[in-house]
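Note that the coordinates shown come from a computational prediction; the quantities given were computed from them, not determined experimentally.
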Amino acid sequence: KTTIKTQGNNENTLGKTRKLNEDEMSVVTVTYDGEYFDVYVNGEHLGYTENKNHDLGTIFAGNGKDILGYIAKSNWDDPYCDAVITDFKIYNKTLDEEDVLKTYNEFAARQQLRVDIAAANVPKYTYENLVLPATGANGAVIKWKSSDKKVLSESGVELIKAEELT
């Protein structure tokens, strides 16, 4: 549930309520164009609400020290959110639907790349030829580079045997 609330307890829920899958990452985007708040999850537009009784100047000014905005905090006596926030951005412009989808797609591609890198399973040390995958499980094209081409080729072939290094 995405809600805008001010100190006077004026509150608006943005779009449809949607439960996020706790076993996967989600990208939640809220935009404001001066009149409407829009909410998106994973690039999908869930809805909007008019800015009724909310002054963003007050929200961002807070109590003179802090922004009156919370992430993953309820306005009620609910349990704390057990989530990890990996990316938080405030833009100096209103993202349109195309911008939101592009941002989500870029994030999803980076996530797939992280999974591919983690799955590559290349040992830190080796005394034999390596089998280096050219494609990750999610389709990422992997190009390998040797830090010392006299010892190990970029295709994973050991060029100097361990006994020659001693």
Side-chain angles (χ1 to χ4, degrees), residues 1-124 131-145 154:
K1 179 171 167 177
T2 306
T3 304
I4 300 291
K5 180 178 179 181
T6 61
Q7 287 177 324
N9 287 328
N10 294 318
E11 186 177 287
N12 287 89
T13 298
L14 309 180
K16 302 176 235 172
T17 299
R18 178 175 184 177
K19 184 171 174 126
L20 302 178
N21 185 340
E22 61 187 53
D23 295 329
E24 60 187 51
M25 285 196 148
S26 294
V27 176
V28 179
T29 306
V30 178
T31 65
Y32 177 65
D33 66 4
E35 186 176 357
Y36 293 97
F37 290 99
D38 286 88
V39 64
Y40 301 80
V41 174
N42 296 336
E44 177 188 345
H45 186 246
L46 295 186
Y48 68 92
T49 188
E50 280 187 272
N51 180 18
K52 299 176 186 171
N53 306 317
H54 300 293
D55 174 11
L56 287 186
T58 302
I59 292 170
F60 287 115
N63 60 11
K65 298 177 187 173
D66 301 310
I67 293 175
L68 289 174
Y70 300 100
I71 297 175
K73 178 186 180 300
S74 175
N75 293 319
W76 299 274
D77 192 23
D78 293 332
Y80 288 105
C81 177
D82 185 20
V84 175
I85 310 260
T86 60
D87 197 21
F88 177 76
K89 298 177 184 175
I90 297 177
Y91 293 90
N92 63 355
K93 68 174 192 163
T94 301
L95 300 182
D96 60 25
E97 201 156 343
E98 185 178 322
D99 292 330
V100 171
L101 188 57
K102 180 181 176 192
T103 300
Y104 167 69
N105 287 336
E106 289 170 355
F107 176 84
R110 284 192 310 273
Q111 282 306 109
Q112 289 181 341
L113 185 58
R114 285 182 186 106
V115 170
D116 283 351
I117 289 169
N121 198 19
V122 176
K124 187 171 184 176
V131 176
L132 302 174
T135 307
N138 289 306
V141 175
I142 302 172
K143 293 188 179 188
W144 297 94
K145 186 173 181 180
E154 292 182 353

Inset, instruction - Any chance you could measure Asp99, atom CG, to Tyr40, atom OH, to the nearest 0.5 Å? - result: 9.0 Å
Legend entry - pair Gln111-Leu113: side-chain heavy atoms closer than 4.5 Å: no
Legend entry - Reported OH-to-OG distance for the pair Tyr104 and Ser26, which is rounded to 0.5 angstrom: 8.0 Å
Legend entry - Minimal non-hydrogen separation, Ile142 against Thr135, with atom names: CD1-C, 4.1 Å
Legend entry - Distance, nearest 0.5 Å, that separates NZ of Lys145 from CG of Leu132: 15.0 Å
Legend entry - CG-CG distance between Asp38 and Asp33, expressed to the nearest 0.5 angstrom: 6.5 Å
Legend entry - Under 3.5 Å donor-acceptor, Trp144 side chain and Ala134 backbone: no
Legend entry - Donor-acceptor under 3.5 Å (Asp96 side chain, Glu98 main chain): yes
Inset, instruction - Report the distance from atom CG of Asn105 to atom CZ of Arg110, rounding to the nearest 0.5 Å. - result: 11.0 Å
Legend entry - Close side-chain approach of Tyr91 to Thr103, heavy-atom, < 4.5 Å: yes
Legend entry - Heavy-atom pair of closest approach, residues Asp116 and Ala140: OD2-CB, 2.9 Å
Legend entry - Atom pair CD/CD of Glu97 and Glu44 - distance to nearest 0.5 Å: 10.0 Å
Legend entry - Which residues share a side-chain hydrogen bond (donor to acceptor under 3.5 Å, both in side chains) with Gln112, sequence neighbours left out: none
